[in-house]
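Below: the structure, in structure tokens.
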Amino acid sequence: MRASKGKQEEYRTISRRTILKASAAMFAAGMLPASAVFGKVLDRTQDQILGPFYPIMSEPDRSGDLTRVPGGSGRAKGQPVIIRGTVRNPDGKPVLGAEVEIWQANAAGRYAHPDDTNPAPLDPNFQGFGAATTGPDGFYQFKTIKPLHYPAGSIGIRPAHIHFDIRGRRDELVTQMYFEGDPYNEKDSFLQSVLNPDALIVKLLSPTAEEPEFMVAVFDIVFRG
Ligand SMILES: [Fe+2]
């Protein structure tokens with residue numbers, strides 16, 4: 001027997017609701033990509049150049065704390081900052097085993113790199129090079145210091161930034177993370193070369209009770225994994 005028009009509508013609503021619920025549950029269980037449920041994929045984090053100062057003098061620090069070096073005399077100079085975030089694929093799924101590397105200038109704008117001609121002083125307590133591997137939740141974190149802007153010859157002054165190289169099984173993303181309020185952001189040809197510069201700029205958040213000295217910046221990353 002055929003159901004009445006009103007009944008048919010009810011069945012349709014229920015079944016759509018049921019499917020959505022089941023899909024959401026499958027997404028939560030990691031069985032379905034977000035794109036299949038929400039019809040949307042995340043934009044891949046925008047690329048930036050590797051730059052001339054990729055570290056060549058040392059292995060990356062794997063302690064998670066770049067503000068101290070083994071055998072050093074104390075904490076690196078500058079504003080301590082915790083950089084943290086989640087690495088996801090475009091479907092929104094956390095990427096396990098992504099290798100996240102960061103490198104940066106110190107609080108005076110100088111890289112621990114032989115090709116850096118900036119006369120600003122090196123900081124013996126700061127190498128500015130770290131690596132972390134994401135777990136099943138895609139999370140990474142580094143304790144570091146906020147770098148300073150630095151002169152880059154004919155390019156002009158580069159705003160404060162931290163370089164990232166994220167490697168997965170099928171993708172590698174090289175980018176740079178910038179800080180909100182830096183007066184050089186708007187004139188920087190590298191930052192302004194991307195479609196959405198704001199997506200590469202982080203805000204420094206207040207410290208937490210557990211780490212009262214460290215400002216906090218969240219920089220989530222999307223790549224293919
Ligand atoms: Fe740089």
Side-chain angles (χ1 to χ4, degrees), residues 44-62 64-67 69 76-85 87 98-132 140-167 172-204 214-221 223:
R44 187 173 182 272
T45 300
Q46 301 162 107
D47 295 283
Q48 292 273 272
I49 59 157
L50 184 77
F53 302 130
Y54 182 80
I56 54 173
M57 302 292 279
S58 59
E59 289 293 307
D61 175 281
R62 286 198 164 269
D65 186 353
L66 278 62
T67 70
V69 296
K77 293 189 180 80
Q79 168 62 55
V81 178
I82 290 175
I83 312 285
R84 59 167 64 125
V87 181
E99 177 80 352
V100 181
E101 260 184 22
I102 65 167
W103 67 102
Q104 62 171 98
N106 65 23
R110 174 83 185 267
Y111 283 87
H113 191 289
D115 292 343
D116 189 358
T117 56
N118 186 353
L122 284 166
D123 181 345
N125 292 314
F126 190 67
Q127 289 302 313
F129 185 28
Y140 77 89
Q141 174 174 298
F142 295 100
K143 285 180 174 175
T144 184
I145 51 99
K146 185 173 184 282
L148 191 67
H149 55 264
Y150 60 83
S154 59
I155 293 164
I157 307 279
R158 296 246 35 231
H161 59 273
I162 294 182
H163 293 265
F164 278 73
D165 185 353
I166 302 104
R167 295 181 209 111
E172 178 172 4
L173 172 77
V174 176
T175 192
Q176 299 178 35
M177 185 202 86
Y178 300 80
F179 295 87
E180 187 180 86
D182 190 299
Y184 300 101
N185 281 347
E186 280 182 20
K187 288 186 191 138
D188 186 65
S189 55
F190 298 114
L191 174 58
Q192 297 304 328
S193 70
V194 298
L195 208 57
N196 181 11
D198 286 349
L200 296 179
I201 298 174
V202 296
K203 191 185 176 103
L204 280 185
F214 286 81
M215 303 285 282
V216 178
V218 178
F219 188 56
D220 292 327
I221 291 156
F223 82 143

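Start at 1 and go down the list; that is how both ligands and their atoms are numbered. One-based numbering along the sequence shown.
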_Residues in side-chain contact (heavy atoms from CB on, under 4.5 Å) contact with Ala132, at least two apart in sequence or another chain_ = Phe142

*Compute the ring centroids of Trp103 and Tyr54, then answer whether they are less than 6.0 Å apart.*
yes

*Could you please tell me which protein N, O or S atoms lie under 2.8 Å from the Fe ion (ligand 1)?*
Tyr111 OH, Tyr150 OH, His161 NE2, His163 NE2

*asked:* Quick one, Phe129 and Asp61 - any side-chain contact, counting heavy atoms below 4.5 Å?
replied: no

*Mind checking salt bridge (charged side-chain N to carboxylate O under 4.0 Å, His left out) for Lys143 and listing every partner two or more places apart, or none if nothing turns up?*
Glu211

*SB check Glu180 Lys146 (cutoff 4.0 Å)*: no

*Looking at residues at least two apart in the chain, or sitting in another chain, which of them share a side-chain contact (heavy atoms from CB on, under 4.5 Å) with Ser193?*
Gln48

